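Source: prediction; values computed, not measured. One is the number of the first residue; the rest follow in order along the sequence. Atoms within a ligand are numbered from 1 in the order they appear, just like the ligands themselves.
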Amino acid sequence: MPKAKITSLGCYVPPRVLTNQDLEKMVETNDKWIVERTGIRERHIADANVATSDMAIEAARCALAQRGVPATEVNAIIVCTVTPDMFFPSTACLVQNALGARGAWGFDLVAACSGFVYGLTTAAHLVGGGTHKKVLVIGADTMSRIIDYQDRATCVLFGDAAGAMLIEPAEGEDGSGFIDFVGEVDGSGGDFLKMPAGGSRMPPSHETVDQRLHYVHQDGSQVFKYAVRKMYEAGSELLQRNGLTTDDVGILIPHQANGRIISAAAERLGLTQRTLINIDKYGNTVAATIPLATRDAIQQGRLKRGDLVMFAAVGAGYTVGASLWRWAY
Ligand SMILES: CC(C)(COP(=O)(O)OP(=O)(O)OC[C@H]1O[C@@H](n2cnc3c(N)ncnc32)[C@H](O)[C@@H]1OP(=O)(O)O)[C@@H](O)C(=O)NCCC(=O)NCCS
């Protein structure tokens with residue numbers, strides 16, 4: 001059976017920048033607090049007429065163009081998002097139509113900040129099973145639509161963006177491609193990070209709007225502690241069961257939720273010097289952080305063909321995921 005490898009990457013970041021200084025004018029906060037407690041200096045915000053599928057389409061087009069692959073050759077599209085354009089049709093359907101990917105099926109994958117790691121793993125198995133030759137995995141979130149810009153504890157954290165990777169069979173014997181994945185969900189953490197209303201439990205009503213229940217609500221310190229511990233545990237288990245040590249890892253590309261979460265997990269893994277942090281420029285873009293960070297790692301010359309890369313994420317749910325890949329290009 002063929003192994004799966006990542007063969008290209010495309011990203012889209014909306015041009016409008018919201019700086020910490022801008023936020024100082026909106027809520028009771030300051031640049032020093034935000035930088036010290038989160039590592040974030042600025043984030044990008046989509047214009048009002050731009051939805052998640054628009055950013056997803058741009059990122060997907062970029063990934064396909066980089067590889068010279070026509071959209072008609074794509075077999076499946078997985079859009080990882082918690083901010084779809086609407087409940088249905090899925091964002092994957094909207095992306096398929098805009099790309100003209102007439103041979104593709106697809107679906108949206110809801111795993112919050114772990115979405116992209118889950119999407120990559122799903123694609124690796126579709127390709128690795130031999131039934132799919134080209135799978136597009138897209139992480140796209142327009143968090144600014146579900147963030148309460150009166151809540152200083154959440155509004156400083158998030159930004160908007162999209163990233164896409166193309167997964168294809170790894171032919172030949174160079175060992176590149178997908179190696180392994182560790183995942184876990186823990187629904188007992190569901191109350192610590194959620195958007196309470198808008199679904200079948202609490203459909204939209206005047207009350208839910210008045211009570212600001214269509215926004216992200218979180219217990220930051222609970223999420224923080226869980227994220228550090230689980231990112232470390234998932235990463236360690238992945239290495240251990242593959243007979244690897246941290247010395248084998250070329251780079252850790254973690255979900256970017258908070259610079260202190262990343263630093264603490266990286267330190268426990270012994271990967272402080274080999275961890276990509278770019279949260280200062282984008283904030284937490286949820287399903288898009290890993291492709292954006294991968295792009296930066298490539299541009300900085302820190303990720304090259306043959307390197308062992310670990311992706312790791314913890315998100316709302318809770319969801320946890322980490323995967324190992326031998327970089328293929
Ligand atoms: C949200 C987070 C940055 C808060 O940092 P923290 O060090 O835990 O801070 P606390 O929540 O304990 O708040 C400390 C104080 O700062 C205040 N504060 C919160 N947000 C603030 C802001 N933007 N500016 C200034 N002060 C702020 C709080 O009100 C609190 O004040 P108090 O002590 O008077 O009550 C941090 O908990 C975090 O990043 N958690 C994880 C969130 C996350 O990753 N979510 C996505 C998951 S993938």
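Residue-level proximity to ligand 1 for L193 is carried by the side chain, the only part with a heavy atom below 4.0 angstrom. Residue-level proximity to ligand 1 for I261 is carried by the side chain, the only part with a heavy atom below 4.0 angstrom. At a 4.0 Å heavy-atom cut-off, ligand 1 touches N284 through the side chain alone. Contacts between T29 and ligand 1, counted as non-hydrogen atom pairs separated by less than 4.0 Å, involve both the backbone and the side chain.
Using a 3.5 Å distance cut-off with no hydrogens or angles, the side chains of S144 and D160 do pair a donor with an acceptor. Between the side chains of T81 and D141, at least one donor N or O lies within less than 3.5 Å of an accepting N or O. For the residue pair T91 / D85, no side-chain donor-acceptor distance below 3.5 Å is found, with atom types taken as modelled.
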| said: Set out, in order, the CA-CA distance, both residues' side-chain angles and the distance that settles salt bridge (charged side-chain N to carboxylate O under 4.0 Å, His left out) for R326 and D307, then state yes or no. | reply: CA-CA 6 Å; R326 181 78 57 191; D307 288 349; over 6 Å; no

| task | Verify salt bridge (charged side-chain N to carboxylate O under 4.0 Å, His left out) between D148 and R212, making sure each step is shown before the conclusion. | result | CA-CA 8 Å; D148 184 350; R212 311 185 79 77; 2.9 Å; yes

| Are D296 and R302 close enough, and set up right, to give a salt bridge (charged side-chain N to carboxylate O under 4.0 Å, His left out), and what steps lead you there? | CA-CA 8 Å; D296 282 10; R302 296 174 67 188; over 6 Å; no

| said: Run the salt bridge (charged side-chain N to carboxylate O under 4.0 Å, His left out) test on E168 and K134 for me, step by step, so that the C-alpha distance in whole Å, both residues' side-chain angles and the decisive distance to 0.1 Å come before the verdict. | reply: CA-CA 5 Å; E168 297 183 75; K134 290 180 174 56; 3.3 Å; yes

| request: Apply side-chain hydrogen bond (donor to acceptor under 3.5 Å, both in side chains) to N258 and T38, showing your working. | output: CA-CA 5 Å; N258 181 315; T38 73; 5.7 Å; no

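Protein heavy atoms come within 4.0 Å of atom 7 (O) of ligand 1. Within a 4.0 Å radius of atom 32 (P) of ligand 1, the protein has no heavy atom. Note that atom 20 (N) of ligand 1 has protein non-hydrogen atoms nearby, at separations under 4.0 angstrom. Protein heavy atoms come within 4.0 Å of atom 38 (C) of ligand 1. Distance check for atom 35 (O) of ligand 1: every protein heavy atom is found at 4.0 Å or beyond.
Taking every non-hydrogen atom of V223 and a distance limit under 4.0 Å, the qualifying atoms of ligand 1 come out as 43 (C), 45 (N), 47 (C). When each atom of ligand 1 is checked for a heavy atom of T38 under 4.0 Å away, the hits are 3 (C). Taking every non-hydrogen atom of R260 and a distance limit under 4.0 Å, the qualifying atoms of ligand 1 come out as 5 (O), 6 (P), 7 (O). Close approach of ligand 1 to H255 is summarised as follows: ligand atoms under 4.0 Å from at least one heavy atom of the residue are 48 (S). Less than 4.0 angstrom separates some heavy atom of F224 from each of these atoms of ligand 1: 38 (C), 40 (N), 41 (C).
Of the listed residues (N20, I262, N258), the one carrying the non-hydrogen atom nearest atom 2 (C) of ligand 1 is N258.
Scanning all protein heavy atoms for the shortest distance to atom 45 (N) of ligand 1 gives Q218 OE1, 3.0 Å. Of the protein's non-hydrogen atoms, the one nearest atom 44 (O) of ligand 1 is A257 CB, 3.2 Å. Among protein heavy atoms, the minimum distance from atom 48 (S) of ligand 1 is reached at C113 SG, 3.1 Å. W33 CZ2, 4.5 Å is the protein heavy atom nearest to atom 13 (O) of ligand 1.
Note that CG of L276 and OG1 of T294 are 7.5 Å apart. Values are rounded to the nearest 0.5 Å. R268 contributes atom CZ, which lies 13.5 Å from atom OG of S263 (distance to the nearest 0.5 angstrom).
At under 3.5 Å, a nitrogen or oxygen of R152, whether backbone or side chain, sits near a nitrogen or oxygen of ligand 1. Taking any N or O of R37, backbone or side chain, at least one lies under 3.5 Å from an N or O belonging to ligand 1. Of the polar atoms of G220, at least one N or O is found under 3.5 Å from an N or O of ligand 1, judged by distance alone.
With contacts defined as side-chain heavy-atom distances shorter than 4.5 Å, the pair N30/W33 qualifies. H214 is listed as a side-chain neighbour of P204, based on a closest heavy-atom distance under 4.5 Å. Side-chain contact between V185 and V320 is absent, with no heavy atoms from C-beta onward closer than 4.5 Å.
Within the 4.0 Å heavy-atom shell around ligand 1 one finds V314. By the 4.0 Å heavy-atom criterion, A227 is excluded from the residues contacting ligand 1.
At a threshold of 4.5 Å between side-chain heavy atoms, the hydrophobic network of Ile, Leu, Val, Met, Phe, Trp and Tyr places F107 and I57 in two separate groups.
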